[in-house]
Asker: 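Input: one structure, supplied below.
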Amino acid sequence: AERAGEACREAQSGMEGLQKVLQKLRGDRDAFAAKKDELEAQLKQLKASAREELATTVGAWERRYESLQADAAAAAMELDLNEKAVYQRDLEVKRLHESHALLTQRLGKRSQEYQELLAHSKDRLR
């Protein structure tokens with residue numbers, strides 16, 4: 001009976017120890033679950049923040065790209081206008097050269113006519 005009582009007390013003591021360990025494990029499990037929930041919430045917040053920052057950055061780059069496209073289109077139009085103006089000026093220079101050549105030719109003829117008229121007039125005066 002004494003042995004049985006001692007065995008019963010040891011079993012009771014062992015059972016209490018196991019209950020304490022089990023209680024501690026449950027507390028640890030609850031603490032780990034809370035920490036897991038906290039970390040998941042932080043991760044969710046970080047993901048949302050990263051998505052927002054990425055969207056902002058992408059939006060800024062898209063606006064910059066559109067601005068650069070508009071600048072490039074304006075520069076292309078200006079270049080086209082400049083090329084047309086250069087072409088028109090080239091035509092004008094060509095016309096001026098042709099006109100100059102014609103006037104030079106006419107001047108040469110008039111000068112020759114004048115020289116002939118002058119020679120003829122000198123002959124008549126003699």
Side-chain angles (χ1 to χ4, degrees):
E2 239 180 83
R3 276 179 145 184
E6 195 176 316
C8 190
R9 282 189 296 279
E10 282 182 25
Q12 182 77 24
S13 174
M15 188 70 115
E16 287 173 6
L18 284 175
Q19 283 181 346
K20 285 181 184 178
V21 169
L22 184 60
Q23 192 173 14
K24 184 179 179 335
L25 288 174
R26 284 183 183 146
D28 290 348
R29 180 193 65 194
D30 292 344
F32 284 133
K35 188 64 173 177
K36 178 185 170 220
D37 291 345
E38 178 187 332
L39 290 173
E40 285 177 345
Q42 286 178 359
L43 179 61
K44 186 177 181 181
Q45 184 180 359
L46 285 172
K47 283 182 179 179
S49 176
R51 270 192 228 97
E52 184 179 319
E53 188 175 330
L54 182 62
T56 300
T57 302
V58 167
W61 280 108
E62 285 174 341
R63 287 188 297 280
R64 180 68 179 136
Y65 177 73
E66 290 168 0
S67 173
L68 288 173
Q69 278 186 318
D71 291 349
M77 287 175 51
E78 186 176 345
L79 179 62
D80 187 50
L81 289 174
N82 287 340
E83 286 175 346
K84 288 178 181 176
V86 166
Y87 177 74
Q88 290 299 321
R89 288 200 178 157
D90 284 348
L91 288 178
E92 183 64 25
V93 166
K94 185 179 177 182
R95 281 192 291 266
L96 287 172
H97 280 294
E98 289 171 354
S99 183
H100 178 264
L102 251 158
L103 289 173
T104 303
Q105 185 181 16
R106 284 185 191 165
L107 181 63
K109 284 183 182 178
R110 296 282 173 139
S111 177
Q112 186 179 2
E113 289 173 4
Y114 174 74
Q115 291 297 329
E116 289 172 2
L117 186 62
L118 187 60
H120 182 68
S121 295
K122 283 183 180 176
D123 287 344
R124 282 180 55 188
L125 285 175
R126 287 186 199 165

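Everything quoted here is computed from the prediction, not taken from an experiment. By convention here, the first residue in the shown sequence is residue 1.
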Asker: State whether the side chain of S67 and the backbone N or O of R63 hold a donor-acceptor pair below 3.5 Å, judged by distance alone.
Answerer: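 Not confirmed, S67 side chain does not pair with R63 backbone.
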Asker: Kindly determine whether H120 and R124 satisfy side-chain contact (heavy atoms from CB on, under 4.5 Å), including the steps that lead there.
Answerer: CA-CA 6 Å; H120 182 68; R124 282 180 55 188; 3.4 Å; yes
Asker: Identify the two heavy atoms, one from R9 and one from E2, that lie closest to each other, and give their separation to 0.1 Å.
Answerer: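 So the minimum-distance heavy-atom pair works out to NH2-O, 4.5 Å.
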Asker: Is E53 atom CD crowded by more than 12 heavy atoms from other residues, nucleotides or ligands, each under 6.0 Å away?
Answerer: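 No - once you tally the heavy atoms of other residues, nucleotides and ligands closer than 6.0 Å, there are 12 at most.
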Asker: Could you tell me whether K94 and D90 have a side-chain N and a carboxylate O separated by less than 4.0 Å?
Answerer: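 Salt bridge absent between K94 and D90.
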Asker: Using a strict 4.0 Å threshold on nitrogen-to-oxygen distance, state whether E92 and R89 make a salt bridge.
Answerer: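 Looking at E92 and R89, the cut-off is not met.
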Asker: Apply the test salt bridge (charged side-chain N to carboxylate O under 4.0 Å, His left out) to residues K36 and E40: give CA-CA distance (whole Å), side-chain angles for both, the deciding distance (0.1 Å), then the verdict.
Answerer: CA-CA 6 Å; K36 178 185 170 220; E40 285 177 345; 3.7 Å; yes
Asker: Tell me whether Q23 at atom CD has more than 12 heavy atoms from other residues, nucleotides or ligands lying less than 6.0 Å away.
Answerer: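 No - once you tally the heavy atoms of other residues, nucleotides and ligands closer than 6.0 Å, there are 12 at most.
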Asker: In Å, rounded to the nearest 0.5 Å, how long is the span from CG of L39 to NZ of K44?
Answerer: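 With rounding to 0.5 Å, CG (L39) is 14.5 Å from NZ (K44).
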Asker: Using a strict threshold of under 4.0 Å (side-chain N to carboxylate O), is an ion pair present between D30 and R26?
Answerer: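 A salt bridge is absent here (no side-chain N lies under 4.0 Å from a carboxylate O).
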Asker: Suppose we screen for side chain to side chain contact (heavy atoms under 4.5 Å, CB included). Which residues come up paired with E16, at least two apart in sequence or across chains?
Answerer: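 With neighbours one apart ignored, the set is Q12.
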Asker: Quick check against the 3.5 Å criterion: does S49 have a side-chain atom that pairs as donor or acceptor with the backbone of Q45?
Answerer: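 Flag not set: sc S49 to bb Q45 has no pair under 3.5 Å.
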Asker: Take E38 and K35 through the side-chain contact (heavy atoms from CB on, under 4.5 Å) test and state the conclusion after the steps.
Answerer: CA-CA 5 Å; E38 178 187 332; K35 188 64 173 177; 3.9 Å; yes
Asker: As an exercise, state the distance from CG of L81 to CE of M77, rounded to the nearest 0.5 Å.
Answerer: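 One gets 6.5 Å once the value is rounded to the nearest 0.5 Å.
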Asker: Above 12 or not: heavy atoms from other molecules or residues under 6.0 Å from CD of Q42?
Answerer: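 More than 12 heavy atoms, drawn from other residues, nucleotides or ligands, come within 6.0 Å of this atom.
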Asker: If I take atom CG from residue L22 and atom NZ from residue K24, how far apart are they, to the nearest 0.5 angstrom?
Answerer: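 It is 12.0 Å, given to the nearest 0.5 Å.
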Asker: Is it true that atom CZ of R106 has more than 12 heavy atoms of other residues, nucleotides or ligands lying nearer than 6.0 Å?
Answerer: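 Counting other residues, nucleotides and ligands, CZ of R106 stays at 12 neighbours or fewer.
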Asker: To the nearest 0.5 Å, how far apart are CG in L79 and NZ in K84?
Answerer: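 Rounded to the nearest 0.5 Å, the CG-NZ separation comes to 11.0 Å.
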Asker: Quick one about Y65 and Q69 (side-chain donor to acceptor, distance below 3.5 Å, no hydrogens or angles considered), yes or no?
Answerer: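 Indeed, the side chains of Q69 and Y65 share at least one donor-acceptor pair under 3.5 Å.
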Asker: Between the side chain of S111 and the main-chain N/O of L107, is any donor-acceptor distance below 3.5 Å?
Answerer: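 It does not hold such a pair.
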